[in-house]
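This report concerns only the one structure given below.
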Amino acid sequence: MTDRRCIAMVDCNSFYASCERLIDPTLSDRPVAVLSSNDGCIIARTDEVKALGIGMGVPLFKVRDLVERHGVVIRSANFDFYVDVSARIMRLLIELAPQTEVYSIDEAFLDLSGMGRFFDVLALGRQIRERVWAEVGIPVSVGLAPTKVLAKVANQLAKKRKTYVEALLAPGAAATALASYPIENVWGIGPRTARKFHLRGVRFAAELAQQPDALVFKLCSVTEVRVVRELRGITALALTPVHKPKAHIATSRSFGHDIARYADLREAVSYFTTYAAIKLRKQHSAAGAVYVYARTNPFRKGATQAVVGRLVRLPVPTDHTPTLIKAALAGLEAVYRPDLAYKKAGVVLYEIVPADALQASLFAELPNGRRSRISRVADGLNQRFGKFTLNWAVYHGEQKQWMPLSEYRAKPIDLEVTEADRDRVRPWW
């Protein structure tokens with residue numbers, strides 16, 4: 001047991017692929033790879049796919065023969081579902097440790113300091129893994145250490161050793177692990193930084209930890225100095241449980257096919273604005289400006305290339321979806337060129353302020369508070385009964401020309417189970 005500072009780094013294993021196994025449990029023992037938008041590149045791989053030598057980010061067409069030869073199951077990305085699964089996992093982690101920093105969609109840092117007085121922290125790490133698996137169905141790895149950087153090292157070792165829970169808390173444990181840990185694998189040390197130290201004969205994390213702060217600062221920056229201090233077991237990167245609201249919120253997509261019709265582009269921009277507005281309301285903010293843009297296909301040889309865009313400012317910041325859509329479409333109409341075929345469009349919300357700090361405008365058709373409630377009711381109904389249950393007359397559910405390709409999108413399957421097992425195996429989503 002220990003009562004020293006203890007940070008747990010929880011990382012979902014092959015997160016997108018694990019989510020696909022949630023949808024289709026028959027994939028539990030099969031190699032699975034998930035594709036990026038428009039079914040382009042591989043962005044998630046199970047261990048079986050990694051063992052075949054298929055790298056991250058490789059285009060599918062380059063490894064199609066290998067995929068077919070080894071029976072790799074290919075799935076189109078379902079990002080909305082992944083976000084829902086992530087939110088469920090993060091809520092569970094916050095329940096287990098209130099001081100939790102959600103670092104990414106599949107990673108979080110938990111401050112377990114002080115719990116060592118009452119629990120075996122290694123057993124606590126195993127409990128975290130078991131709870132996430134039992135309640136969500138996603139496998140995770142847990143790294144335990146005195147600092148965030150060392151916790152990341154412990155997490156990677158847990159995956160490599162297939163133990164899935166590793167601790168670098170005992171005296172000398174971190175030094176032993178770092179002695180053979182390549183510096184290019186250290187969180188926060190990029191390839192360029194690693195090359196600078198390689199030229200000085202520094203190849204392992206233990207050697208990097210011994211470098212003077214002044215030298216590290218001279219070669220790199222204060223960011224790398226903090227990383228090196230964390231390797232020494234000194235806290236230099238604080239845990240930030242509460243995220244600051246985003247200064248801007250963007251939603252964009254590459255289209256499945258090039259589109260030229262204004263009606264198609266208008267619908268796509270409306271759709272993107274709707275999702276940006278949902279993100280805005282989730283952080284309890286309002287936006288004072290909307291930027292809309294569209295660009296042509298840079299890979300289409302011989303075609304005219306252009307990027308068009310327009311910033312539209314609102315008289316009063318709002319989180320009301322129809323108001324934001326109206327502003328986005330005004331910008332789109334001003335820059336739309338019928339002679340171009342567009343491959344991508346997007347919407348960015350700027351001049352974001354807290355929603356509760358707004359004052360109603362005398363010229364608004366509805367007070368901001370009432371508008372906000374209308375939008376939040378729509379959010380709640382869609383969350384409860386399914387996406388697109390209630391729409392803003394911009395999307396009707398059928399496949400659109402502008403939607404990303406998703407040839408390999410999975411659908412939930414019905415499992416044959418007994419009545420006694422039905423509640424136990426019913427998908428929570």
Side-chain angles (χ1 to χ4, degrees), residues 7-34 43-49 73 75-112 115 119 121-144 151-152 154-156 158-159 162-166 241 243 278 282 380 382-387 409-415 417 421-429:
I7 301 298
M9 201 286 159
V10 180
D11 184 10
C12 301
N13 300 339
S14 305
F15 180 57
Y16 294 167
S18 294
C19 289
E20 292 299 327
R21 285 174 166 171
L22 264 184
I23 298 174
D24 184 355
T26 64
L27 302 180
S28 60
D29 297 321
R30 300 178 63 187
V32 180
V34 179
I43 58 173
R45 307 155 295 157
T46 58
D47 289 341
E48 299 90 342
V49 177
V73 178
R75 287 287 182 259
S76 301
N78 187 347
F79 293 114
D80 291 336
F81 180 62
Y82 305 156
V83 169
D84 289 343
V85 176
S86 173
R88 188 175 178 89
I89 293 172
M90 299 309 166
R91 284 195 297 269
L92 175 57
L93 295 180
I94 292 172
E95 176 188 326
L96 294 171
Q99 293 297 310
T100 294
E101 175 186 342
V102 178
Y103 180 69
S104 69
I105 191 172
D106 62 343
E107 296 175 300
F109 291 99
L110 285 64
D111 191 346
L112 306 181
M115 293 187 181
F119 305 102
V121 290
L122 194 58
L124 193 58
R126 297 190 187 99
Q127 181 186 352
I128 292 172
R129 173 174 164 80
E130 291 166 1
R131 283 284 301 275
V132 175
W133 174 254
E135 298 186 26
V136 187
I138 296 294
V140 302
S141 295
V142 182
L144 301 152
K152 186 76 171 177
N155 187 283
Q156 292 178 355
K159 288 184 177 181
K162 305 296 183 184
T163 58
Y164 302 111
V165 180
E166 286 282 343
H243 287 291
I278 292 173
K282 281 186 177 180
N382 288 330
Q383 183 175 2
R384 181 175 180 181
F385 297 107
K387 190 168 62 171
R409 177 67 62 86
K411 295 181 179 179
I413 64 172
D414 293 326
L415 299 177
V417 296
D421 289 338
R422 193 168 300 280
D423 288 337
R424 181 175 59 83
V425 301
R426 181 182 292 125
W428 51 260
W429 63 89

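Nothing fancy with the numbering, it's 1 onward along the sequence.
Within the 4.5 Å cutoff, the side chain of Ile89 has no heavy atoms near those of the Leu92 side chain. When side chains are defined from C-beta on, Val85 does not count as touching Tyr16, because their heavy atoms never get closer than 4.5 Å. Side-chain atoms of Val10 and Leu93, non-hydrogen and from C-beta on, do get closer than 4.5 Å to each other.
Ionic pairing of Asp47 and Lys159 is not present here: no N-O contact between side-chain nitrogen and carboxylate oxygen is shorter than 4.0 angstrom. By the 4.0 Å N-to-carboxylate-O rule, Arg88 lies too far from Glu135 to be salt-bridged with it. Salt bridge Arg21/Glu48: present, at least one basic N to carboxylate O contact under 4.0 Å.
Met90 approaches Ala108 most closely through the heavy-atom pair SD-CB, 3.8 Å. The two residues Thr46 and Arg30 have their closest heavy-atom pair at OG1-O, 4.3 Å. Heavy atoms only, all atoms of each residue included: Leu22 and Val136 are closest at CD2-O, 3.5 Å. Annotation for Ser76 and Val34: closest pair C-CG1, 4.4 Å, computed over non-hydrogen atoms. The two residues Ile23 and Pro25 have their closest heavy-atom pair at O-CD, 3.6 Å. What you find for Tyr82 and Phe15 is that their closest heavy atoms are O-CZ, 3.5 Å.
Distance CG/Leu144 to CG/Leu110: 9.5 Å, rounded to 0.5 Å. Remark: Gln99 CD to Phe109 CZ distance equals 14.5 Å, nearest 0.5 Å. Considering OH of Tyr164 and CD of Glu130, their distance stands at 14.5 Å, rounded to 0.5 Å. Asn13 contributes atom CG, which lies 9.5 Å from atom CG of Asp106 (distance to the nearest 0.5 angstrom). Expressed to the nearest 0.5 Å, how far CD1 of Ile138 lies from SG of Cys19 amounts to 4.0 Å. Here the straight-line distance linking atom CD of Glu95 with atom OG1 of Thr100 works out to 10.5 Å at 0.5 Å rounding.
With hydrogens and angles disregarded, no donor-acceptor distance shorter than 3.5 Å links the side chain of Arg45 to the backbone of Ala33. Judged purely by atom type and a 3.5 angstrom limit, Ser18 uses its side chain to pair as donor or acceptor with the backbone of Ser14.
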Test log, rule side-chain contact (heavy atoms from CB on, under 4.5 Å), inputs Asn78 and Glu20:
CA-CA 9 Å; Asn78 187 347; Glu20 292 299 327; 4.2 Å; yes
Determine, stepwise, if the pair Leu112 / Ile7 fulfils side-chain contact (heavy atoms from CB on, under 4.5 Å).
CA-CA 6 Å; Leu112 306 181; Ile7 301 298; over 6 Å; no
Any chance you could lay out the side-chain contact (heavy atoms from CB on, under 4.5 Å) test for Arg131 and Leu96, step after step, and finish with the verdict?
CA-CA 9 Å; Arg131 283 284 301 275; Leu96 294 171; 3.4 Å; yes
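Checked by atom type, the side-chain pair Asn155/Ser141 shows no donor-acceptor distance below 3.5 Å.
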